[in-house]
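Beneath this line is the structure, given in structure tokens, with notes to follow.
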Amino acid sequence: MISHRLSLQIEHYKSCTKTILNLGLFKKTYKNIHIIMSKFLPNKDDDYSLWYNELVKKADLAENSAVRGCMVIKPYGFSIWEKMQAVLDKMFKETGHSNAYFPLFIPKSFLSKEASHVEGFAKECAVVTHYRLKNSPDGKSVIVDPEAKLEEELIVRPTSETVIWSSFKNWVQSYRDLPLLINQWANVVRWEMRTRLFLRTTEFLWQEGHTAHATRAQAVEETERMLEIYAIFAEQYMAMPVVKGIKTANERFAGAEETYCIEALMQDGKALQAGTSHFLGQNFAKAFEVQFTNKEGKLDHVWGTSWGVSTRLMGALIMAHSDNDGLVLPPMLAPIQVVIVPIFKNEEQLTAITAKVNELVAALRKRNISVKFDDRDTQSPGFKFADYELKGVPVRIAVGPRDIEAGTAEVARRDTKEKKTLPFENLEEVIENLLKEIQENIFKKALDYRASQTHVVETWDAFLETIEKGGFISAHWDGTPETEEKIKELTKATIRCIPLDSVEESGVCVYSGKPSSKRVLFARAY
RNA sequence: CGGGGUGUAGCGUAGCCCGGUAUCGCGCCUGCUUUGGGAGCAGGAGGUCGUCAGUUCGAAUCUGGCCACCCCGACCA
């Protein structure tokens, strides 16, 4: 709990930091301190959330918009999202799903058809009540035309289960129509009180999969399959280790029978839910009367699932790997994997360097490596080095006159900051391997970090002490919502999930002392 | 919705107490010198001081209203 006085001090500190960051004098006079200040980013360990916000803006990923709580995703940030989309979309298609698009607006009556669902979202829905504007009497502005009131208000989708299931009703008649495997890429709106770029914004982008199946078993299988896809994506592409698990009743999606999730640990010791997959049972099928005739000729309700990941993954990606010099992107998702910076004093040198570099660019592209040759003469090499580090480009190659003479290039990797001068000959193969190594290395680093921050705790005292340090706590829980609530109230920690690989072992609840058969994962979360 | 804070050039700010059209840095533009880790020097452009009203010869500055944003809390698949 941060006291008011302390929060004021933090405010003061932040504004001072900003001032210092912008004082050129400071940089000039105290070169050493300038190095510590590190590329004008706040220090990650001093103030993690300030570091995060500044990084998002300075790395040109996103910025706040004129609309409260909504963000503008800038070209560089969006290109990372596009890479994520491309990979996920391919994975969805490979597992038999098709894309479709459903409307942004949902009739209000749809939301009330599934009782627990509406309860979960009612408080954060944007509502459209009118469909026309007109000039104000004084002609200086526009006002909502009171005559243009909608008969039934429209809800801006916070998620699309209801519109989609109202369509599914028409799409499904026979077991031959099943399974129905649909995905949509869309924007959704949830009127959140407090927002943060990428992590929680009023409007965000996501994909939502919605499927219908003939049997319970098939729907559960689908739920688990998609969770697995999310886990593979997180670990193999984002290089971010995740725990697969099941949510407790408190944390479950409104309208689901079971919510599966992947949970990741950020560098400040807080957990982040990175994706969810819901087994909906027959809840929506019953609410929207989606029935089919089975092989035996009997009418039955279908079984549903829904699953999604959002632009929140961008926040996860940023917080999982980045450092005080800026972003660290996994090569699999980096829009630019290799940047080549020429070092030249005159046109003649640049021409010689360009000729040599073009060979390398062609060879790298042949291997499907995205490469940028930054031959602008308007920025100095030093500026470019720092800038591409800020943007998380995994590999940088510098080529100058000395290299041309020696037949070499300087290769620097973003993750370790290691620099090596290597022969130009066959460099493309070295780079290709280096990209793989970087991908593995940042995953391993994140995995080691998580291991060091996952604590097995047996007693309440130890729990209280450990939760302050951050990280995951693996502890026994008696399975009651009351205990879960109480722990949340006392520590702000929630049960992130019951891990799928949690082993059966008898123990006692860390809070109540009642018997328990499994450990669950606690953490403070985003 | 409660508590606190801030609005001055693209960004970050000084000035406000004690009224006289605005300070500094970054960035931007031009020129020359530079270029192997955010280049230097010289010159230059850019401001309805959030907004509306009041006090005054005169308002960034004083008074009142309004608006916006930020932080803390409540809330949050």
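Order of the sequence lines sets the chain letters (A, B, ...), proteins ahead of strands, with each chain counted from 1.
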Next on the checklist: For a quick check of understanding: with a heavy-atom distance under 4.0 Å over all strands, which category does Gln379(A) fall into, base, sugar-phosphate or nothing?
Outcome noted: nothing
Checklist entry - What nucleic acid atoms does Arg396(A) come within less than 4.0 Å of, heavy atoms only: base, sugar-phosphate, or nothing? => result base
Checklist entry - If only atom types and distance count, is the side chain of Asn187(A) paired as donor or acceptor with the main-chain N or O of Val189(A) below 3.5 Å? => result no
Checklist entry - Across all strands, who's sitting opposite rA60(B) as a Watson-Crick or G-U wobble pair, both distances under 3.5 Å? => result none
Next on the checklist: Counting only side-chain nitrogens and oxygens, does Ser380(A) get under 4.0 Å of the OP1 or OP2 atom of rA39(B)?
Outcome noted: yes
Next on the checklist: Does rG12(B) have OP1 or OP2 under 4.0 Å away from a side-chain N or O of Lys57(A)?
Outcome noted: no
Item to check | rC16(B) to rG2(B) separation - P atoms, rounded to the nearest Å | outcome: 33 Å
Next on the checklist: Students often get this wrong, so: under 4.0 angstrom with heavy atoms, is Ala254(A) touching a base, only sugar-phosphate, or nothing?
Outcome noted: sugar-phosphate
Next on the checklist: Ring of Tyr388(A), cation from Lys391(A) - is the NZ or CZ under 6.0 Å from the centre and inside 45° of the axis?
Outcome noted: no
Checklist entry - On a whole-Å scale, what distance lies between the P atoms belonging to rU34(B) and rU21(B)? => result 44 Å
Next on the checklist: By the 4.0 Å heavy-atom rule, please label Pro401(A) as base, sugar-phosphate, or nothing.
Outcome noted: base
Next on the checklist: Mind checking if Asp403(A) touches a base, just sugar-phosphate, or nothing, with heavy atoms under 4.0 Å?
Outcome noted: base
Next on the checklist: Under 4.0 Å, counting only non-hydrogen atoms across every strand here, what does Gly120(A) touch: a base, just sugar-phosphate, or nothing?
Outcome noted: nothing
Checklist entry - If the C1' atom of rC11(B) is compared with that of rG31(B), how far apart are they to the nearest Å? => result 26 Å
Item to check | Closest nucleotide among rG38(B), rC76(B), rG36(B) to the Lys123(A) side chain | outcome: rC76(B)
Item to check | Complementary nucleotide for rG37(B) - Watson-Crick or wobble, under 3.5 Å | outcome: none
Item to check | P spacing across the pair rG27(B) / rU51(B), given as an integer number of angstrom | outcome: 28 Å
Next on the checklist: Just to be sure I understand the rule, does Asp387(A) reach a base, reach only the sugar-phosphate, or reach nothing, if contact means heavy atoms closer than 4.0 Å?
Outcome noted: base
Item to check | rC57(B) versus rG50(B) - spacing of their C1' atoms, nearest Å | outcome: 27 Å
Next on the checklist: Give me the distance, rounded to whole Å, that separates rU8(B) from rG4(B) when you measure between the C1' atoms they each carry.
Outcome noted: 22 Å
Checklist entry - Sub-3.5 Å donor-acceptor pair from the side chain of Asp403(A) to the main-chain atoms of Gly400(A), do we have one? => result yes
Next on the checklist: Does this structure show an ion pair linking Glu228(A) with Lys244(A), if we count only N-O contacts that are shorter than 4.0 Å?
Outcome noted: yes
Item to check | Ring-face cation contact, Phe385(A) with Arg396(A), 6.0 Å cut, 45° max | outcome: yes
Checklist entry - What integer number of Å spans the C1' atoms of rA9(B) and rU48(B)? => result 13 Å
Checklist entry - When you compare rU6(B) with rU13(B), how far apart are their P atoms, in angstrom units rounded to a whole number? => result 12 Å
